[in-house]
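Throughout, numbering of the chain's residues begins at 1 and tracks the sequence.
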Amino acid sequence: MELIFQACAFALVCLIVLTFLNQHSPHTAALAGLAACVGLLILLAPQLYQLMDFCRRLALGAGLDGALLAPLYKGIGVALCARLTAELCRDQGQRALAAKVELCGAVCGLICALPLLQRALSLAGVG
């Protein structure tokens, strides 16, 4: 609960700073917005590690090998990066570019998920 308050406070302070920066230098505001996003990800890093550890323990408890966790982690990373980049593009008024980033993120996510899909098909006896 404390983390969400820290993240919201950080985001509000960044929002105020970015509003003033945007009036004088929109390009600097865009870079500062990206830096704020990285700061929030750094703030969330311990919780992301706990989530990854939980996924690992869950997979091992279900009898899945650890090799299947790498595609899951890659898919989560692709999703986070694509979403963050698309939102930054939208903030800069580049909706068409944001749509293309989301499309590329979906394709990359599917590519990362191929080992999981192959394993699911082999378990179902299809592949």
Side-chain angles (χ1 to χ4, degrees):
M1 190 67 162
E2 173 182 317
L3 177 66
I4 191 67
F5 291 127
Q6 290 175 350
C8 288
F10 180 76
L12 287 174
V13 168
C14 289
L15 178 66
I16 292 168
V17 170
L18 291 174
T19 302
F20 289 117
L21 269 177
N22 199 28
Q23 292 175 354
H24 300 291
S25 177
H27 300 296
T28 305
L31 290 175
L34 180 61
C37 291
V38 169
L40 281 172
L41 287 176
I42 290 171
L43 183 67
L44 291 175
Q47 280 65 33
L48 289 174
Y49 177 77
Q50 289 177 356
L51 178 64
M52 291 172 58
D53 186 52
F54 174 76
C55 289
R56 182 188 59 79
R57 286 186 282 125
L58 186 64
L60 293 177
L64 299 173
D65 56 352
L68 290 179
L69 289 175
L72 178 65
Y73 295 155
K74 287 179 186 178
I76 291 171
V78 165
L80 287 174
C81 289
R83 178 66 187 226
L84 174 67
T85 305
E87 290 300 320
L88 285 172
C89 290
R90 277 193 195 90
D91 287 347
Q92 296 304 309
Q94 300 292 329
R95 292 186 185 273
L97 184 58
K100 302 311 180 272
V101 167
E102 288 175 342
L103 177 64
C104 288
V107 170
C108 289
L110 286 173
I111 291 170
C112 289
L114 281 178
L116 296 174
L117 295 173
Q118 290 171 342
R119 179 67 184 260
L121 288 174
S122 69
L123 288 174
V126 177

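- Counting all heavy atoms, side chain and backbone alike, C112 lies closest to P71 at O-CB, 3.1 Å.
- The line from CG of L117 to CD1 of I111 is 12.0 Å long, rounded to the nearest 0.5 Å.
- With sequence neighbours excluded, the residues forming a side chain to side chain contact (heavy atoms under 4.5 Å, CB included) with R90 are A86, E87, R95, A98, E102, listed by chain and number.
- Between the NZ atom of K100 and the OG1 atom of T85 there is a distance of 15.5 Å, given to the nearest 0.5 Å.
- Connection of L40 to V17 is not established within any shared hydrophobic cluster, with ILVMFWY side chains joined at heavy-atom distances below 4.5 Å, either directly or through further cluster members.
- Taking CG of L3 as the start and CZ of F5 as the end, the distance is 10.5 Å to the nearest 0.5 Å.
- Of the possible polar contacts, one joining the T19 side chain to the L15 backbone as a donor-acceptor pair under 3.5 Å is found.
- There is a path of hydrophobic side-chain contacts, each under 4.5 Å, that joins F10 to L44.
- More than 12 heavy atoms of other residues, nucleotides or ligands shown are found within 6.0 angstrom of CG on L114.
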D53 and Q50: CA distance, side-chain angles, deciding distance, side chain to side chain contact (heavy atoms under 4.5 Å, CB included) verdict: CA-CA 5 Å; D53 186 52; Q50 289 177 356; 5.6 Å; no
L41 vs L84, side chain to side chain contact (heavy atoms under 4.5 Å, CB included): CA-CA, chis, key distance, verdict: CA-CA 10 Å; L41 287 176; L84 174 67; 4.3 Å; yes
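- C89 and V101 get closest at one heavy-atom pair: SG-CG2, 4.5 Å.
- The distance from atom CG of L31 to atom CG of L21, rounded to the nearest 0.5 Å, is 10.0 Å.
- Across V78 and C108, no two heavy atoms sit closer than the pair CG1-CB, 3.8 Å.
- Applying the salt bridge (Lys or Arg N to Asp or Glu O under 4.0 Å) test to residues at least two apart or on different chains, none of the pairs has a partner in residues 26-44.
- Separation of atoms CE (M52) and CD1 (I76) is listed at 7.5 Å; rounding is to 0.5 Å.
- Sequence neighbours left out, not one pair with a member in residues 21-33 passes salt bridge (Lys or Arg N to Asp or Glu O under 4.0 Å).
- Note: K74 NZ to L116 CG = 10.5 Å, rounded to the nearest 0.5 Å.
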